[in-house]
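Inspection log for the structure reproduced underneath, given as structure tokens.
Naming convention: chains lettered A, B, ... in sequence-line order (proteins, then strands); numbering from 1 in each chain.
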Amino acid sequence: MNNESAACFRAAIWLACSRRHRLSELPGQPSSLCHTGLGLSECHGCRYDSAMKYSNCFVPTLRDVPADAEVISHQLLLRAGYIRRVTSGVYDYLPLALRVLRRIEAIIREEMERAGAQELLMPMVQPTELWEKSGRLSKYGPELLRFEDRHGHQSCLGPTHEEVICDLMSRELRSYKQLPINLYQIQNKFRDEIRPRFGLMRGREFVMKDAYSFHADDESLMAEYRNMFDTYTRIFERLGLRFRPVEADTGSIGGSDSHEFHVLADSGEDLIAHCEGCDYAANVEKAVSGRDAPAGDAAPLTALATPAVTTAEDVAAFAGVDAALVIKTLVFCVSGGDADGAIVAACVRGDDQLQAVKLIHALGADALEMASDAQIEEIGGVTGFVGPLGLDAPVYMDAGLEAAVGMLAGANKRDLHLTGVDVARDLSRAQFVDLRETRAGDCCSRCGGQIALSRGIEVGQVFALGRRYTEPMEVQFQNQQGKREVATMGCYGIGVSRLMAAVVEQCHDDGGIAWPDILAPFSVILVSMGKSDEVLEASEDIYRQLQAAGVSVLWDERNERPGVKFKDAELIGIPLQVVIGDRGLKQGVAEFGRRGSERQEIALSAVVAASMAALSAGSGAAL
RNA sequence: CGGGGCGUAGCGCAGCCUGGUAGCGCAUCUGGUUUGGGACCAGAGGGUCGGGUGUUCGAAUCACCCCGCCCCGACCA
């Protein structure tokens, strides 16, 4: 061992030994040591062995790709023996997966504690009354898995915990002096998804970190919102992910402000619009952007016979005009909110898509359904020839149409359209709101730059809820003037098990999973080549040294052929490989290298130091 | 829930159309040979053919019903 590596080795031993003390001395302080991935699990009281022999390890790897696994993370997590399906959207987390999950959780805990939040644990079973009280029972609907206990008491499995935490706070909160407070938990959630898919990406049961903050005023709430935003940014940075925070719709949770954190991946289910000129980024459900549309020529209203020509594209082609000069009219039946049951029409340009979430917001509704032919007739329309003029229903038009002239629209008569539609002249009673879905190439509403679209996996979301829950749940406190006041609230979620899948989506190659050092279930895989006593003895020696140094190691001592061992090592994704074989042993060397690159021969005595150096360099943490 | 597809051994599949004793590869077990990138030989175990009903002398195969799974749409961490 040269001087440098010897010093490195001593330092590492010291760190390994002192780790626990340092953490207990500084509760809530993030430990840079844990960035190294060295025995991280111990930091948080997990009792996992940091060293395991492969033959004792339950890692059922598969050579074939299971036929029903669509996305790469689902395939690899199954093949590499991390997860197994129990039933639709419900999985076993096998030992390797649990180790990874615990590492993700450890980072989240550190950053949450550093941000001043406190961990608690709420029940998975919740009384349905709480959901009646918050007014969310009907809104959440069938996602909420409900059941009855033996006494006939209505219960449900918690899909989220706003109700429970508000119930708790409403009992315990008395004074403004107790505020602000941020409480979080890491716990299994259950949402009876209509369509679970993609393995861990959209399960019905999943692990989530959810945090809830309570405040005396909105200023304090927004400060915490910012704090959580920054905390999430740090968490996803530490996890080594390419991600992007984006402005988001608040969905069924409600509230004012919201950002989602998306891991960028082609397999993502969400579309994100982001500006190439500034830092504007938003989910397309919410993104606002402009476009250059061809200008129509002002003209009087004229009927145009369009026999059996119905879609906007076909009508445009038939009339020989740009699709942007056609007004596309869609008719919906509204459910939820004040307009519940109403039939409404929504218009966008023929070459734009309607973004339904935007319309839902404009209506204050819960959901929309395409109107039936009969419903269209009820409001004086004809399916295929619906237009905004003369329709007996509220008409919502995309704001981009407000000044449009010379447009082509359905005439509400069979086989007939109208040309020369002047929106300002003919549709004065329409409501103008942003309804169109942002497209790539649009111009940014902030800086005028170009908008691009990317796919993302939503792994976190922060909400400034305001009093949406605290009001109905009666979370009140006495303010400085001695008056009762309703607290204001934020909530902040991270999909922990989804994150594991998202990491795999981003970190893999043909050989399998390529975990970032800090998340790998083991840092080093020690491969014994051949079964001579010398190889096994030398391997065991290295195994013990790594163990003593606090480097988590998986020792593949199986009597398998080399190909099998390397394939498994790459598949399960252990970042560092140490190979001990008869060949090198004669020279006193082992092979050492990072998964996916060439291994180098190094002295047996240098293996531990090299491992530790590689791990600290790989994580970017100071040692 | 609507539309499409699929259920045959742990995994991947063939057989079904045209009914006649259930097959292949991988995995597993035993013995042997082998050992630097998913070995070889010999042998073995393992399947209510998703379930039910019907048609038939006879059903994995044909018909009907049910269940489950996967993909496309509305939900979301």
Side-chain angles (χ1 to χ4, degrees), chain A residues 60-71 74-75 78-79 81 84-85 87-89 104 108 139-144 158-161 186-211 232 248-253 258 260-263 268-270 283 285 332 335 356-357 360 366-370 456-463 491-502 511-512 527-532 535 558-571 577 579-585 591 599:
Chain A
T61 57
L62 261 27
R63 191 188 291 207
D64 295 316
V65 180
D68 51 9
E70 179 84 351
V71 296
H74 189 194
Q75 292 174 359
L78 282 169
R79 280 191 58 211
R84 287 293 184 264
R85 194 185 73 95
T87 183
S88 178
I104 297 173
I108 293 174
K139 213 170 207 187
Y140 228 91
E143 297 265 291
L144 194 62
T160 176
H161 282 68
I186 295 178
Q187 191 226 27
N188 280 28
K189 301 284 190 247
F190 192 94
R191 293 183 189 170
D192 202 355
E193 291 278 347
I194 302 166
R195 185 147 88 87
R197 59 185 136 177
F198 302 152
L200 259 32
M201 295 259 267
R202 178 181 295 278
R204 292 196 297 166
E205 183 171 330
F206 58 97
V207 182
M208 177 170 167
K209 188 280 312 181
D210 47 328
Y232 277 30
D249 182 72
T250 50
S252 62
I253 298 213
S258 181
E260 291 166 345
F261 287 77
H262 285 264
V263 167
E269 294 182 81
D270 286 282
N283 194 306
E285 290 175 353
F332 295 96
S335 59
V357 173
I360 287 173
D366 292 341
L368 295 175
E369 218 176 299
M370 291 296 279
I457 302 165
E458 186 194 345
V459 291
Q461 187 163 11
V462 292
F463 295 90
C491 77
Y492 320 93
I494 291 179
V496 179
S497 45
R498 177 182 283 183
L499 251 178
M500 178 153 78
V527 180
S528 298
M529 289 291 226
K531 54 180 179 184
S532 71
V535 164
R558 293 176 300 170
N559 182 20
E560 283 289 354
R561 303 179 67 79
V564 173
K565 294 188 175 193
F566 286 126
K567 290 288 185 194
D568 276 338
E570 274 158 29
L571 182 59
Q577 302 177 344
V579 182
I580 312 271
D582 284 311
R583 216 166 60 186
L585 211 49
E591 284 164 43
R599 289 183 293 273

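- Two residues, Gly89(A) and Thr61(A), neighbour RNA chain B, and the one matched to the more 5' nucleotide by heavy-atom proximity is Thr61(A).
- Between Phe566(A) atom CZ and G38(B) atom P the separation is 11 Å, expressed in whole Å.
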Could you give the side-chain donor-acceptor pairs of residues 63-70 of chain A under 3.5 Å, partners two or more places apart or in another chain?
none

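- Checked by distance alone, Arg202(A) brings a side-chain donor or acceptor within 3.5 Å of a matching partner on the base of C75(B).
- A77(B) atom C1' lies 14 Å from atom NE2 of His161(A), rounded to whole Å.
- The separation between Arg204(A) atom CZ and A77(B) atom C1' is 16 Å, rounded to whole Å.
- Picking from G36(B), A77(B), C70(B) the nucleotide with the shortest atom distance to the side chain of Ser88(A) gives C70(B).
- Considering only side-chain N and O atoms, Arg197(A) lies under 4.0 angstrom from the phosphate OP1 or OP2 of G73(B).
- Residue Leu368(A) contributes atom CG, which lies 13 Å from atom C1' of C75(B) at whole-angstrom precision.
- Using a 4.0 Å heavy-atom distance criterion, Arg558(A) is classed as making no nucleic acid contact.
- Proximity note for Arg195(A) (side chain, C-beta onward) versus G36(B), A77(B), G73(B): the nearest is G73(B).
- One N or O donor and one acceptor, one from the side chain of Asp270(A) and one from the base of C76(B), sit under 3.5 Å apart.
- The base-pairing partner of A27(B), taking Watson-Crick or G-U wobble contacts with both distances under 3.5 Å, does not exist among the strands shown.
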Query raised in the report: Along nucleotides 25-35 of chain B, 5' to 3', which nucleotides get a B, which get an S, and which get a -, given that the test is a protein heavy-atom distance under 4.0 Å?
Result: BSS------BB
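- Base pairing analysis places G7(B) opposite C67(B); the two distances defining the Watson-Crick or G-U wobble pair are each below 3.5 Å.
- Nucleic acid contact class of Glu570(A) (heavy atoms, under 4.0 Å, all strands): base.
- Here the P atom of nucleotide C76(B) and the CD1 atom of Ile194(A) are 9 Å apart, to the nearest Å.
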